**Q** 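Right, I'll just put the structure down here and ask away after.
Just so it is clear, the structure is predicted and the values come from calculations on it, not from any experiment. Residues: numbered from 1 along the sequence shown.
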Amino acid sequence: MSPNQPDTARLLADVGGTNARFAWQAAPGAPISDIRILPCADYPRLQDAMRTYIDGLGRGAPAAVGMAIANPITGDQVRMTNHHWSFAQSAVVAEFGLKTFRLLNDFTALALALPDLPADELRQVGGGAAAPGVAMGLVGAGTGLGVSGLVPDGFGGWIPLEGEGGHVTLPATTARERLVMDGLIRRYGHASTERVCCGQGLVDTCAILCEADGVTAQGLESAAAVSDAAFKAGHPQALETMHLFCAMLGSVAGNLALTLGARGGVFVGGGIVPRLGAWFDGSPFRERFENKGRFTGLLSGIPVWVITSTQSPALMGAARALGSAG
């Protein structure tokens, strides 16, 4: 920590497989400011990206770091699933002279922020009113598929869930979904839901559908290309890919709602769905969310909200995870 830097200063971060978002908080409870997005691919190490941000501010190293990262946290050593960064938490503490380093899964951090999300940063997609004081679910597709939730702690607070629910087996239902599932198994050995519900999943799904239909997938080598082909050119397999993505996400979100008893609602974050706008509202998502046989009636009343925040709510969750540390 810099001798001129107040010992309450905190660096907040939301590190995904594509971008690392950094922000500054002068003290616990202070506004989150100086948000900067750095492409992960531009830096050999996490610490290099942190150093670029800190040096750019010119305020010296902070006392504490709260970091949300797209990865399970199982010990001191962390190796990212969807990026090449690998680091030891103890090494980060030593390199920056930190008093506190709180590292948590990115969707756990986002879950911590759910109770504080303002209504104007949420768009409801079906269902009724949320039940108060009961579990909430969270899913989100981007570079990967994140899954988390909040359960009440019995004392008026919340416990965030840390898990890797994006890697559950793909809930294929239709013949075309099973065709995609078989293609993913041939490619990867296991067809997790993340293999469809993420950016690379859009590419793989579209390629498998094109191959099955005997058409070329040339020019459809990125998620943006698949999306553009679907919505701007009406490409049949690309449009089917987007429908299948929403259907799979709906099935997983409905499974999560049943598993947690999430009558407090299910929130949808990540980088893909918010960009789909109102089209998502009429996609197969809600029908598949509710299509649970004898429990369709229960699911039909559970609200789903798309998180439309421009600032990463996971930064707020990382600050909450730090508590009063500084």
**Q** I need the minimum non-hydrogen distance between Ala109 and Ala318, along with the two atoms involved.
**A**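 Taking every non-hydrogen atom into account, CB-N, 4.1 Å.
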**Q** Given the rule that I, L, V, M, F, W and Y join up when any side-chain heavy atoms are under 4.5 Å apart, are Val78 and Val15 in one cluster?
**A**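 Looking at the clustering, Val15 is in the same group as Val78.
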**Q** Would you check, one step at a time, whether the test side-chain contact (heavy atoms from CB on, under 4.5 Å) holds for Val125 with Val268?
**A** CA-CA 10 Å; Val125 182; Val268 181; over 6 Å; no
**Q** So, the side chain of Gln237 versus the backbone of Cys206: is there a donor-acceptor pair under 3.5 Å, distance only?
**A** no
**Q** When rounded to the nearest 0.5 angstrom, what distance separates CG in Asp120 from OG1 in Thr308?
**A**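 Here the interatomic distance stands at 7.5 Å.
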**Q** According to the salt bridge (charged side-chain N to carboxylate O under 4.0 Å, His left out) rule, which pairs have a member within residues 295-321, sequence neighbours left out?
**A** Asp116-Arg320
**Q** In Å and rounded to the nearest 0.5 Å, what is the CD to CD1 distance from Glu121 to Ile307?
**A** 9.5 Å
**Q** Rounded at 0.5 Å granularity, tell me how far SG in Cys40 sits from CG in Leu46.
**A**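 Here the interatomic distance stands at 8.5 Å.
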**Q** Are the side chains of Pro115 and Leu150 in touch, meaning some heavy atoms are under 4.5 Å apart?
**A**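 Heavy-atom side-chain distance check passes, below 4.5 Å.
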**Q** List in chain and number order the residues that pass side chain to side chain contact (heavy atoms under 4.5 Å, CB included) with Leu258, two or more places apart in sequence or in another chain; answer none if no residue qualifies.
**A**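 Scan of Leu258 (side chain to side chain contact (heavy atoms under 4.5 Å, CB included), adjacent residues dropped) gives Lys292, Phe295, Leu298, Leu299.
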**Q** Which heavy atom in Val226 sits nearest to a heavy atom in Ala238, and how many Å separate them?
**A** O-CB, 3.5 Å
**Q** Is there a side-chain contact (heavy atoms from CB on, under 4.5 Å) between Phe289 and Val266 once you walk through the steps?
**A** CA-CA 10 Å; Phe289 177 83; Val266 174; 4.0 Å; yes
**Q** Answer yes or no: are there more than 12 heavy-atom neighbours, outside Arg178 itself, under 6.0 Å from its atom CZ?
**A**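 Counting other residues, nucleotides and ligands, CZ of Arg178 exceeds 12 neighbours.
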**Q** Taking all non-hydrogen atoms of both residues, which atom of Ala135 and which atom of Pro152 are closest, and how far apart?
**A**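 What the structure gives for the nearest pair is N-CD, 3.9 Å.
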**Q** Examine the side chains of Thr241 and Thr205 and answer whether a donor and an acceptor come within less than 3.5 Å of each other.
**A**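 Not at all, the side chains of Thr241 and Thr205 share no donor-acceptor pair under 3.5 Å.
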**Q** Contact between Arg187 and Arg195 at the side-chain level, heavy atoms closer than 4.5 Å - yes or no?
**A** no
**Q** How many angstroms lie between CG in Asp76 and CZ in Phe87, if you round to the nearest 0.5 Å?
**A** 9.5 Å
**Q** Please report the closest heavy-atom contact between Val147 and Gly166, naming both atoms and the distance.
**A**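 Looking at all heavy atoms of both residues, the shortest contact is CG2-N, 3.6 Å.
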**Q** Are Val134 and Leu122 connected in the hydrophobic side-chain network, where two residues link if heavy atoms are under 4.5 Å apart?
**A**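 No; Leu122 is not reachable from Val134 via cluster members.
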**Q** Supply the atom-to-atom distance Thr52 OG1 to Tyr43 OH, rounded to the nearest 0.5 angstrom.
**A**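 Going from the OG1 atom of Thr52 to the OH atom of Tyr43 covers 4.0 Å.
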**Q** Got a donor-acceptor contact below 3.5 angstrom from the Gln25 side chain to the Ala30 backbone?
**A**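 Between the backbone of Ala30 and the side chain of Gln25 there is a qualifying donor-acceptor contact (under 3.5 Å).
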**Q** Pairs in or reaching into residues 212-222: which pass salt bridge (charged side-chain N to carboxylate O under 4.0 Å, His left out), with residues at least two apart or in two chains?
**A** Arg176-Asp213
**Q** Would you give the length of the straight line joining atom CE of Met181 to atom OG1 of Thr193, rounded to the nearest 0.5 angstrom?
**A** 8.5 Å
**Q** Looking at Ser227 and Ala223, would you say the former's side chain and the latter's main chain have a donor-acceptor pair under 3.5 Å?
**A** no
**Q** Side-chain contact test, heavy atoms from C-beta onward, threshold under 4.5 Å: evaluate it for Leu11 versus Phe96 and give yes or no.
**A** no
**Q** Can you name the closest pair of heavy atoms from Leu260 and Gly137 and give their distance?
**A** CD1-CA, 4.1 Å
**Q** Not counting sequence neighbours, list each pair that qualifies as a salt bridge (charged side-chain N to carboxylate O under 4.0 Å, His left out) and has a residue in residues 36-48.
**A**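 Checked against salt bridge (charged side-chain N to carboxylate O under 4.0 Å, His left out) - neighbours excluded - the pairs reaching residues 36-48 are Arg45-Asp48, Arg45-Glu95.
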**Q** Could you note down all residue pairs passing salt bridge (charged side-chain N to carboxylate O under 4.0 Å, His left out) where residues 123-137 supplies at least one of them, sequence neighbours left out?
**A** Arg123-Asp281
**Q** So, for Gly17 and Thr143, which heavy atoms are closest and what is the spacing to 0.1 Å?
**A** CA-CG2, 4.0 Å
**Q** Apply side-chain contact (heavy atoms from CB on, under 4.5 Å) to residues Phe107 and Leu145 and explain how you reach the verdict.
**A** CA-CA 9 Å; Phe107 266 72; Leu145 175 64; over 6 Å; no
**Q** With the side chain counted from C-beta on, respond yes when Pro62 and Met50 share a heavy-atom pair under 4.5 Å apart, and no when they do not.
**A** no
**Q** Here's a test for you: under salt bridge (Lys or Arg N to Asp or Glu O under 4.0 Å), which of Arg21, Arg59, Arg10 qualifies with Asp34?
**A**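 Checked Arg21, Arg59, Arg10 against Asp34; only one passes salt bridge (Lys or Arg N to Asp or Glu O under 4.0 Å): Arg59.
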**Q** In terms of heavy-atom contacts, does CZ of Arg79 have more than 12 from other residues, nucleotides or ligands at under 6.0 Å?
**A**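 No, because the 6.0 Å sphere around CZ of Arg79 holds 12 heavy atoms or fewer from other groups.
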**Q** For Val180, which of Thr174, Leu244, Asp204, Ile185 qualifies under side chain to side chain contact (heavy atoms under 4.5 Å, CB included)?
**A** Leu244
**Q** In sequence, state the C-alpha distance, the side-chain angles, and the governing distance for Trp279 and Cys246, and then conclude on side-chain contact (heavy atoms from CB on, under 4.5 Å).
**A** CA-CA 10 Å; Trp279 182 86; Cys246 293; 3.5 Å; yes
**Q** According to a 4.5 Å side-chain heavy-atom criterion applied to Ile, Leu, Val, Met, Phe, Trp and Tyr, with indirect links allowed, do Leu161 and Leu110 form part of one hydrophobic cluster?
**A**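 Different clusters.
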**Q** Taking only residues two or more places apart in sequence or in another chain, which ones pass side chain to side chain contact (heavy atoms under 4.5 Å, CB included) with Ala247?
**A**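 Per chain and number, Ala247 pairs via side chain to side chain contact (heavy atoms under 4.5 Å, CB included) with Glu177, Pro284, Arg288.
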**Q** Hydrophobic cluster membership, with links at side-chain heavy-atom distances under 4.5 Å among I/L/V/M/F/W/Y: are Leu104 and Phe267 in one?
**A** no
**Q** Do Val92 and Ile69 share a hydrophobic cluster (ILVMFWY, side-chain heavy atoms under 4.5 Å, transitive)?
**A**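 Linked, Val92 and Ile69 end up in one cluster.
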